[in-house]
Amino acid sequence: NTTVNVIGAGLAGSEAAWQLAKRGIQVKLYEMRPVKQTPAHHTDKFAELVCSNSLRANGLTNAVGVLKEEMREMDSVIIRSADDCSVPAGGALAVDRHEFAGLVTSRVKEHPNVEVIHEEITSLPEGPTIIATGPLTTEGLSQTIKDLTGEEYLYFYDAAAPIIETDSIDMNKAYLKSRYDKGEAAYINCPMTEEEFDEFYEALTSAETVPLKEFEKEIFFEGCMPIEIMAKRGKKTMLFGPMKPVGLEHPETGKRPYAVVQLRQDNQSGTLYNIVGFQTHLKWGPQKEVIRKIPGLENAEVVRYGVMHRNTFINSPNVLKPTYQFKDREDLFFAGQITGVEGYVESAAAGLIAGINAARFVQGEELAVLPQETILGAMANYITTANPDNFQPMNANFGLLPPLENRIKNKKERNEQLAQRALGAIQNFVKR
Ligand code: FAD
């Protein structure tokens with residue numbers, strides 16, 4: 001009759017506690033609010049939505065919609081509560097945030113297997129534990145996690161470059177090559193003439209950016225510069241930085257472009273590429289327009305926009321297993337945004353799997369790795385197998401899934417088939 005400690009009653013911790021409790025496991029759920037607040041939370045409720053009240057798309061033509069459906073199959077308290085207090089939002093699942101947090105709080109808190117303790121945790125409790133303290137994990141606990149993972153494997157902000165679906169890159173314009181042909185041709189290069197560069201530069205420097213929150217202002221001082229800020233330093237700055245064309249002559253003509261945008265492979269299967277050095281703070285609409293000005297990326301499908309914000313997360317490819325279990329301590333799990341998933345639903349999803357696996361762990365059962373065809377499984381796979389040298393958080397998206405056996409050109413049709421395959425796989429998993 002072992003107890004599992006869950007630290008943090010946000011999106012991930014609430015879901016993890018629920019999954020444990022419903023499996024008959026005793027849970028000690030530690031939440032510091034209202035004793036101590038984060039810079040973004042305002043209430044003492046569990047699963048408080050700190051910004052938008054939307055849990056994003058609900059339909060099966062969108063990966064986050066499929067993820068929700070998978071979570072419904074697994075009795076997610078977060079998605080059930082969201083469904084119970086949804087407000088009209090077209091194809092999205094948006095909620096009354098107060099009612100939503102209230103419902104999650106009462107459902108988790110009133111479960112007879114859950115004990116809630118309002119206290120800030122700074123050192124890890126003994127026994128099986130899930131850390132789900134989110135992007136704004138307190139300093140004391142961050143230090144403990146740093147000691148655990150090693151200094152270089154815990155990050156305090158997220159400076160991500162956009163990620164593109166490989167299929168949407170026009171390879172008649174772009175070409176594969178590594179600078180000076182060193183090693184194999186590993187990068188996709190988008191070449192620009194001087195006129196194209198001028199047009200791109202104009203778009204980049206005039207596009208609208210997201211205002212920084214007060215607690216995020218420290219980010220730029222840590223030596224991480226958004227591409228639009230670099231551009232504003234002078235027109236040539238980027239030509240000596242991420243857009244440097246030397247050694248990237250066109251393989252057929254031998255001609256050196258005026259500027260080059262490089263993309264680097266982002267996942268093992270090669271379905272996603274990120275734009276090198278393009279961490280950015282541009283708003284998503286203008287960001288898409290700027291990206292589509294790059295030759296070869298006119299029809300780019302962006303699966304994850306560049307962002308820069310305060311975010312505490314671990315280098316999961318180095319330290320975590322796809323069961324959300326810490327590699328060096330088998331009774332320790334991580335869940336939520338701190339694992340490098342990004343978003344409300346994704347965080348809850350990570351909590352769901354960590355909760356199930358912590359339950360299996362204390363019951364002496366084999367831990368679950370979900371099928372890669374599911375969004376739940378594909379996300380766990382991504383965060384634990386992505387390139388550890390360049391690890392940035394990830395949203396749910398179809399590019400994470402293994403491709404279908406038959407290539408389907410029509411995107412809507414392809415996504416529908418990926419969704420059906422995912423739901424079939426999750427239903428089989430639940431039946432097992
Ligand atoms: P949280 O929901 O933050 O939960 C962590 C919990 O742990 C909190 O309740 C906190 O009080 C508690 N805690 C922290 N440290 C300790 C400690 N030492 N001891 C005890 N308790 C502790 N995602 C979206 O999908 N849409 C958005 O609009 C969006 N906006 C965001 C805006 C901001 C400012 C931030 C920071 C993030 C945003 N995110 C958004 C990203 C992310 O989805 C949310 O942060 C989400 O809440 C993460 O879930 P979580 O469970 O991992 O963390």
Side-chain angles (χ1 to χ4, degrees), residues 5-18 28-57 64 67-68 77-78 82 92-95 97 100-101 104-105 108 116-125 129-145 156-158 160 210-217 219 284 304-305 307-314 316 324 333-352 354-355 383 393-396:
N5 307 300
V6 178
I7 312 177
L11 276 301
S14 301
E15 184 68 54
W18 174 257
K28 278 193 172 159
L29 178 56
Y30 294 92
E31 169 54 56
M32 67 177 186
R33 291 177 292 119
V35 181
K36 182 170 178 172
Q37 284 293 356
T38 78
H41 289 82
H42 299 291
T43 75
D44 62 352
K45 294 283 187 290
F46 299 174
E48 180 182 333
L49 303 177
V50 289
C51 185
S52 162
N53 68 327
S54 169
L55 276 67
R56 315 206 317 277
V64 80
L67 177 60
K68 289 188 193 74
V77 71
I78 292 292
L93 175 58
V95 299
R97 69 176 74 236
F100 168 71
V104 175
T105 307
V108 173
V116 178
I117 301 140
H118 287 284
E119 153 186 335
E120 180 192 356
I121 295 294
T122 51
S123 55
L124 291 187
T129 298
I130 300 177
I131 302 179
T133 44
L136 305 169
T137 296
T138 56
E139 222 177 299
L141 187 61
S142 294
Q143 190 54 50
T144 301
I145 296 171
F156 293 101
Y157 61 93
D158 177 357
V210 184
L212 278 180
K213 300 207 168 45
E214 198 49 48
F215 64 90
E216 292 179 323
K217 292 203 169 138
I219 292 175
W284 291 7
R304 193 228 198 267
Y305 283 94
V307 290
M308 298 196 69
H309 50 215
R310 170 83 169 78
N311 193 10
T312 315
F313 66 105
I314 55 174
S316 290
Y324 289 93
F333 296 79
F334 281 83
Q337 185 112 348
I338 199 164
T339 65
V341 299
E342 165 88 29
Y344 297 149
V345 182
E346 290 86 340
S347 295
L352 187 145
I383 61 161
M394 185 56 114
N395 294 123

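One-based numbering, in listed order, for ligands and for the atoms of each.
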Among protein heavy atoms, which lies nearest [atom], and at what distance?
atom: atom 40 (C) of ligand 1; value: Tyr344 CE2, 3.6 Å
atom: atom 7 (O) of ligand 1; value: Gly8 CA, 3.3 Å
atom: atom 1 (P) of ligand 1; value: Gly10 CA, 3.9 Å
atom: atom 45 (O) of ligand 1; value: Pro135 CG, 3.2 Å
atom: atom 9 (O) of ligand 1; value: Glu31 OE1, 2.6 Å
atom: atom 21 (N) of ligand 1; value: Met32 N, 3.3 Å
atom: atom 14 (C) of ligand 1; value: Thr133 O, 3.4 Å
atom: atom 47 (O) of ligand 1; value: Leu11 CD2, 3.4 Å

task: Nearest heavy atom to atom 30 (N) of ligand 1 wins, so pick from Gly13, Cys51, Pro393.
output: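 Shortest heavy-atom distance from atom 30 (N) of ligand 1: Cys51.
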Under a 4.0 angstrom heavy-atom cut-off, which atoms of ligand 1 come close to [X]?
X: Gly336; result: 52 (O)
X: Gly134; result: 5 (C), 52 (O), 53 (O)
X: Ala12; result: 51 (O)
X: Ser52; result: 28 (O)
X: His41; result: 3 (O)
X: Ile121; result: 17 (C), 18 (N), 19 (N), 20 (C)
X: Leu141; result: 18 (N)

How about [X] and [Y]: do any of their side-chain heavy atoms sit closer than 4.5 Å?
X: Ile78; Y: Phe100; value: yes
X: Ile338; Y: Ile145; value: yes
X: Ser142; Y: Phe156; value: yes
X: Tyr324; Y: Ser316; value: no
X: Leu93; Y: Val345; value: no
X: Ile383; Y: Val341; value: yes
X: Glu15; Y: Leu11; value: no

field: Test side chain to side chain donor-acceptor pair (under 3.5 Å) applied to Lys213 - qualifying residues, sequence neighbours left out
entry: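 Checked Lys213 against side chain to side chain donor-acceptor pair (under 3.5 Å); zero matches.
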- prompt: What pairs with Thr312 under side chain to side chain donor-acceptor pair (under 3.5 Å), at least two apart in sequence or on another chain?
  reply: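 If we apply the side chain to side chain donor-acceptor pair (under 3.5 Å) test to Thr312, skipping adjacent residues, the hits are Arg310.
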Below the 3.5 angstrom mark, is there an N/O of [X], backbone or side chain, next to an N/O of ligand 1?
X: Ser54; result: no
X: Ala335; result: no
X: Lys213; result: no
X: Ala40; result: no
X: Gln337; result: yes

Please name the pair of heavy atoms, one in [X] and one in [Y], separated by the smallest distance, quoted to 0.1 Å.
X: Pro39; Y: Leu136; answer: CD-CD1, 4.2 Å
X: Asn311; Y: Glu342; answer: ND2-OE1, 4.1 Å
X: Leu67; Y: Ala396; answer: CD2-CB, 4.1 Å

Can you tell me which portion of [X] lies within the under-4.0 Å heavy-atom range of ligand 1? Options are side chain, backbone, both, or neither.
X: Ala348; answer: neither
X: Thr38; answer: side chain
X: Val50; answer: side chain
X: Ser347; answer: side chain
X: Glu48; answer: neither

- prompt: Is the Trp284 ring parallel, tilted or perpendicular to the Tyr305 ring (thresholds 30°, 60°)?
  reply: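 Taking Tyr305 first and then Trp284, their aromatic rings lie parallel (interplane angle under 30°).
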query: Does Glu346 come within less than 4.0 Å of Arg56, counting only side-chain N to carboxylate O?
result: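 Salt bridge: yes.
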query: Of Glu120, His118, Gln37, His41, which is the lone residue that meets side-chain contact (heavy atoms from CB on, under 4.5 Å) with Met32?
result: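 With Met32 as partner, Glu120, His118, Gln37, His41 yield a single side-chain contact (heavy atoms from CB on, under 4.5 Å), made by Glu120.
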